[in-house]
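Each remark here refers to the structure printed beneath this line.
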Amino acid sequence: MVKIALLGAAGQIGTPLSLLCKASNLFDEIALYDVVHVPGIATDLMHIDTKAKVDGYLPDNGGLKKALLGADIIVVTAGIARKPGMTRDDLFKTNAYIIRGIFNEVAATCPQATCCVVTNPVNSIVPVAAETLKKAGVFDPARLFGVTTLDAVRASTFAAHALGEYSDPKSLRVPVIGGHSGATILPLYSQAQPPVNLDDRTLATVVHRVQFGGDEIVKSKQGAGSATTCMAYAGFRFVKAILAAKNGETVTEEAYVYLPGVPGGEKIATELGVDYFAVKIELGKAGAVKALPIGQISDNEAKLLEIAIDGLKKDIATGQGLQ
């Protein structure tokens, strides 16, 4: 029996993610939680011919606790989306308090669950979640992930766009390290498999697009939302990786984690000077089994890495400093 709890399921990421989970037939139980609409969304999803039982819970009558009870995997998309002109600091002020409340309940109800944080700004929100779990005495770094999969999805997609119409994004694997916003995102095209052969100018354009792809969508939607359907797709890819690892498969995905708490991560944290960072993570039944070394990178990537680390230090301090 596998139960997933989707927190923020009435939002523009949570709703398509709930559809992907229901359609997958990978779950026995899907619990939806949000402040509005989720009972109706659950009823709607229950008309789909897959085995999962879907329930929707609102905040009244202990809805959050009921949604979390017995959950194996939790995906948190709750919070507000970024709008044009809104900085990630503005976003943080609202979303951090929402996340702290959620993780207080996670600590009390299902501390052994694997938690996947999608809510932005991930760079600061994951430290908020970690500090909340630490205060409750139940923090397990192997089970808390900031979902940065969309950056890897964009890195292969945008490279394929640049290479031409016959290039298949799924045929490319591009490691993406760092954080999950702007210049903190670092796609390592020097390590792409198969190699991505682009001239320096085109490659720089692709890297910038990966880093600021969120802005591209915010502007295109003219204030009506941010990255939602592509984020739901990426979030589901990460959930599938977690499930595959729980089933005994060897799986590697990038994710934003507390490095000192993951085997192999302490050395990386010491070298970089930051405790939270996205790297390749080997996943197992209990979550993060190993943080893999960054490896050889190009001279330009080394410069971008310094910029990413500077930005991350500020973001992490913001999350850890929440009162």
Side-chain angles (χ1 to χ4, degrees), residues 1-83 86 91 94-106 108-110 113-120 122 125 129 147 149-150 217-218 220-240 242-243:
M1 297 290 290
V2 180
K3 176 179 177 179
I4 187 168
L6 305 178
L7 311 183
Q12 292 186 61
I13 298 171
T15 300
L17 179 57
S18 68
L19 172 60
L20 290 169
C21 289
K22 174 60 174 167
S24 72
N25 216 24
L26 293 172
F27 302 97
D28 300 287
E29 187 175 351
I30 301 171
L32 311 181
Y33 174 82
D34 213 321
V35 296
V36 293
H37 302 321
V38 283
I41 295 170
T43 302
D44 195 352
L45 290 172
M46 279 298 290
H47 288 212
I48 294 173
D49 59 349
T50 54
K51 66 183 178 182
K53 178 177 180 290
V54 188
D55 292 297
Y57 300 94
L58 296 169
D60 55 333
N61 300 316
L64 179 55
K65 180 180 286 292
K66 292 174 183 176
L68 291 172
L69 195 63
D72 302 288
I73 301 172
I74 300 165
V75 183
V76 185
T77 62
I80 63 168
R82 190 156 60 103
K83 298 179 176 64
M86 179 183 285
L91 195 64
T94 298
N95 288 349
Y97 289 99
I98 295 171
I99 294 303
R100 187 164 65 178
I102 285 171
F103 276 89
N104 275 324
E105 192 59 60
V106 169
T109 303
C110 54
T114 299
C115 299
C116 308
V117 177
V118 174
T119 303
N120 274 318
V122 165
I125 290 294
V147 180
T149 313
L150 180 55
I217 294 176
V218 169
S220 181
K221 289 187 175 181
Q222 299 180 327
S226 56
T228 53
T229 50
C230 63
M231 185 60 244
Y233 169 85
F236 183 62
R237 172 173 140 174
F238 189 73
V239 167
K240 286 193 295 182
I242 293 289
L243 275 176

Only pairs under 3.5 Å count here: list side-chain donor-acceptor contacts from residues 1-14, not counting sequence neighbours, and write none if there are none.
residue, atom, partner, partner atom, Å
Lys3, NZ, Lys66, O, 3.4
Lys3, NZ, Ala67, O, 3.0
Lys3, NZ, Leu69, O, 2.6
Gln12, NE2, Ala224, O, 3.4

Can you give the donor-acceptor pairs under 3.5 Å from side chains of residues 52-62 to other protein atoms, not counting sequence neighbours?
residue, atom, partner, partner atom, Å
Lys53, NZ, Asp55, OD1, 3.1
Lys53, NZ, Asp55, OD2, 2.4

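One distance of note links NZ of Lys240 with SG of Cys21; it measures 10.5 Å at 0.5 Å rounding. Between atom CD1 of residue Ile99 and atom CG of residue Asn104 there is a gap of 11.5 Å, rounded to the nearest 0.5 Å. One distance of note links CD1 of Ile30 with CD1 of Ile73; it measures 11.0 Å at 0.5 Å rounding.
By the 4.5 Å heavy-atom criterion applied to side chains, Phe236 and Leu26 are counted as neighbours. Side chains of Leu68 and Val106 form a contact here, defined as non-hydrogen atoms less than 4.5 Å apart. Two residues are said to be in side-chain contact when any heavy atoms from C-beta on lie closer than 4.5 Å; Asp72 and Thr114 fail this criterion.
The one candidate from Asn95, Asn120, Val76 that meets the side chain to side chain contact (heavy atoms under 4.5 Å, CB included) condition with Ile125 is Asn95.
A search for side chain to side chain contact (heavy atoms under 4.5 Å, CB included) contacts involving Leu19 returns Leu45, Ile48, not counting sequence neighbours. Remark: Tyr33 pairs with no residue by the ring pair (Phe, Tyr, Trp, His ring centres under 6.0 Å) rule, at least two apart or across chains. Partners of Asp44 under the salt bridge (Lys or Arg N to Asp or Glu O under 4.0 Å) rule, at least two apart in sequence or in another chain, do not exist in this structure. Shown here are the salt bridge (Lys or Arg N to Asp or Glu O under 4.0 Å) partners of Lys221, two or more places apart in sequence or in another chain: there are none.
Shortest non-hydrogen contact noted between Gly79 and Ile98 is CA-CD1, 3.8 Å. In terms of heavy atoms, Ile217 sits closest to Cys230 at CD1-SG, 3.8 Å. A pairwise comparison of heavy atoms in Ala78 and Ile102 identifies CB-CD1, 3.7 Å as the closest pair. Looking at every heavy atom in both residues, Ala232 comes nearest to Leu20 through O-CD1, 3.6 Å. Across all their heavy atoms, Val147 and Cys116 have their closest contact at CG2-CB, 3.7 Å. Nearest heavy atom pair, residue Ser18 against residue Ile41, reads OG-CG2, 4.2 Å.
Distance alone, capped at 3.5 Å, is enough to place a donor-acceptor pair between the Lys22 side chain and the Thr50 backbone.
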